[in-house]
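Below, chain A is the first sequence line, B the second, and so on; all start at residue 1.
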2 protein chains.
Amino acid sequence: MSDQREKILSCACDLYERLGLEGFSMRKLAKAVGVTAPAIYRHYDGRDAVLGDVLREAHRTFARYLYAALGEPTPLGRFAAAGQGFIDFVIEHPRWYGIMHTGHENLGMDHPPEDIESMQAAVHQFWVDRVRECQQAGILKEGDPEELSITMWAHAHGMAQLFRHGCFPVQQEEFRMLFKQSNARLMSGVATPEFAAEYSAMLRDVEVAVGQGD
Amino acid sequence: MSDQREKILSCACDLYERLGLEGFSMRKLAKAVGVTAPAIYRHYDGRDAVLGDVLREAHRTFARYLYAALGEPTPLGRFAAAGQGFIDFVIEHPRWYGIMHTGHENLGMDHPPEDIESMQAAVHQFWVDRVRECQQAGILKEGDPEELSITMWAHAHGMAQLFRHGCFPVQQEEFRMLFKQSNARLMSGVATPEFAAEYSAMLRDVEVAVGQGD
DNA sequence: GTCTATAATCCGATAGAC
DNA sequence: GTCTATCGGATTATAGAC
């Protein structure tokens with residue numbers, strides 16, 4: 001990759017972080033790089049090609065934040081460090097986290113590039129592996145690690161998105177605490193043992209009522 | 001409200017559902033309504049005014065889906081019905097759920113309108129009330145109902161967003177099941193009792209290591 | 001490889017006739 | 001209340017000189 005193309009990509013990442021998808025234009029990118037707009041086309045086929053590279057860079061960086069956890073010696077250590085890496089990435093690169101979940105169609109792509117899809121699959125497998133080894137260590141409950149991953153993924157993703165959109169009236173450091181505390185609740189559960197009994201009783205009542213309706 | 005303004009709002013909601021924020025324009029809206037663009041300006045001050053009404057309609061409908069749960073006779077019944085209403089709304093109005101979390105600045109507003117903010121506050125209070133009455137009924141664990149709400153909110157929001165963006169390879173009905181199953185895991189917790197002991201031991205080791213580093 | 005100049009669209013919004 | 005016509009500006013992208 002030429003130096004100039006690297007410089008363009010770097011400026012494109014900054015520009016995207018500052019202005020998001022709608023504010024991103026080839027003219028502004030050119031001004032940021034210090035050239036005129038047509039010069040960009042010598043290095044990229046068009047706007048979508050630039051955004052595709054920004055997306056790739058986001059995924060690469062995200063994976064790097066997570067995989068750093070593999071340096072820890074224990075399953076629980078890797079698990080906790082991966083969560084830490086996740087929240088670090090969200091706080092330090094909020095727009096990148098956004099572009100990774102914006103959908104390829106918004107970036108002018110019919111299908112996401114193959115290499116990006118394989119990065120996503122690898123990250124998914126990474127989480128499943130973290131969950132499985134914690135199950136084997138007796139730290140997480142038994143069950144399909146894929147399903148367990150979904151629950152934890154949804155919770156982390158929801159926390160990240162609500163923070164990014166200003167739904168929590170907190171700053172970065174407070175958010176780290178909020179995230180950890182909420183994770184602790186997810187770990188130990190929010191319901192009492194009473195819940196399961198009441199809930200199954202309620203479902204039984206519904207079935208009875210439906211049965212009577214026939 | 002005049003008939004024509006209602007028709008414009010209806011078409012605007014459809015247009016937004018189909019094309020999202022970037023594809024939404026006054027010209028396309030006019031074509032959908034069956035008039036020319038300037039005619040819209042007789043009923044709305046501009047694009048942002050239309051989008052503001054779309055946003056308001058989304059919040060109104062969302063609240064209606066949730067508040068239907070108040071017809072249930074028990075705390076657990078209201079709690080479960082509210083969750084059902086939430087997921088129904090997400091499945092039936094995915095773009096509306098999106099616009100509600102897109103941030104007012106993306107809609108050309110400095111501040112969200114007061115009436116919309118008060119609807120948001122009311123919905124927030126609705127969830128806290130559902131949690132509190134379930135706590136009082138012994139179905140949810142004790143603790144600050146606001147904090148408990150955050151955890152459940154983040155999980156539900158994350159599930160909704162991941163579904164909307166196609167991260168789950170499932171259709172609508174399968175997603176309902178996925179959501180319920182994941183909620184069940186959130187209720188009962190994902191970690192074993194072993195987790196807390198290991199985790200606090202790990203934190204202690206970290207503190208010791210940090211202490212040695214001084 | 002970069003420039004100037006420009007084509008071709010799209011946009012929001014307005015003026016004035018009817 | 002709607003129309004035609006138009007302004008002023010943004011965008012992506014290209015042609016051709018240097």
Across the strands shown, which category fits A:T36 at heavy-atom distances under 4.0 angstrom: base, sugar-phosphate, nothing? base

From D:dT2, C:dC3, C:dT14, nucleotide with atom closest to A:V35 side chain: C:dC3

Of the listed nucleotides (D:dT11, D:dT2, C:dC3), which one gets closest to any side-chain atom of A:A39? C:dC3

What is the distance, to the nearest angstrom, from the CE atom on B:M26 to the P atom on C:dC11? 12 Å

Does the Lys NZ or Arg CZ of B:R5 fall within the cation-pi geometry relative to B:Y44 - under 6.0 Å from the ring centre and within 45° of the axis? yes

Nearest whole Å is fine: how far is C:dC3 C1' from A:Q4 CD? 14 Å

Would you indicate what B:R47 reaches in the nucleic acid, counting non-hydrogen atoms under 4.0 angstrom: base, sugar-phosphate, or nothing? sugar-phosphate

Atom CG of A:L21 and atom P of D:dT11: how far apart are they, to the nearest Å? 14 Å

Given atom CD1 of A:I8 and atom C1' of C:dG1, what is their separation to the nearest angstrom? 11 Å

Within 45° of the six-membered ring axis of B:F126 and under 6.0 Å from that ring's centre, is NZ or CZ of B:R130 located there? yes

Expressed in angstrom and rounded to an integer, what is the separation of B:Y44 atom OH from D:dT2 atom P? 13 Å

Going by heavy atoms in the side chains, are A:F24 and A:L19 under 4.5 Å from each other? no

Salt bridge flag under 4.0 Å for residues B:D129 and B:R78: no

Could you tell me the separation between the CD1 atom of B:I40 and the P atom of C:dG12, rounded to a whole number of Å? 11 Å

What is the separation between atom CG on A:L51 and atom P on D:dT11, rounded to the nearest whole Å? 14 Å

Assign each of A:P38 and A:K28 to its nearest nucleotide of DNA chain D by heavy atoms, then name whichever residue's nucleotide is nearer the 5' end. A:K28

Tell me the interatomic distance from A:R42, atom CZ, to D:dC18, atom P, rounded to whole angstroms. 16 Å

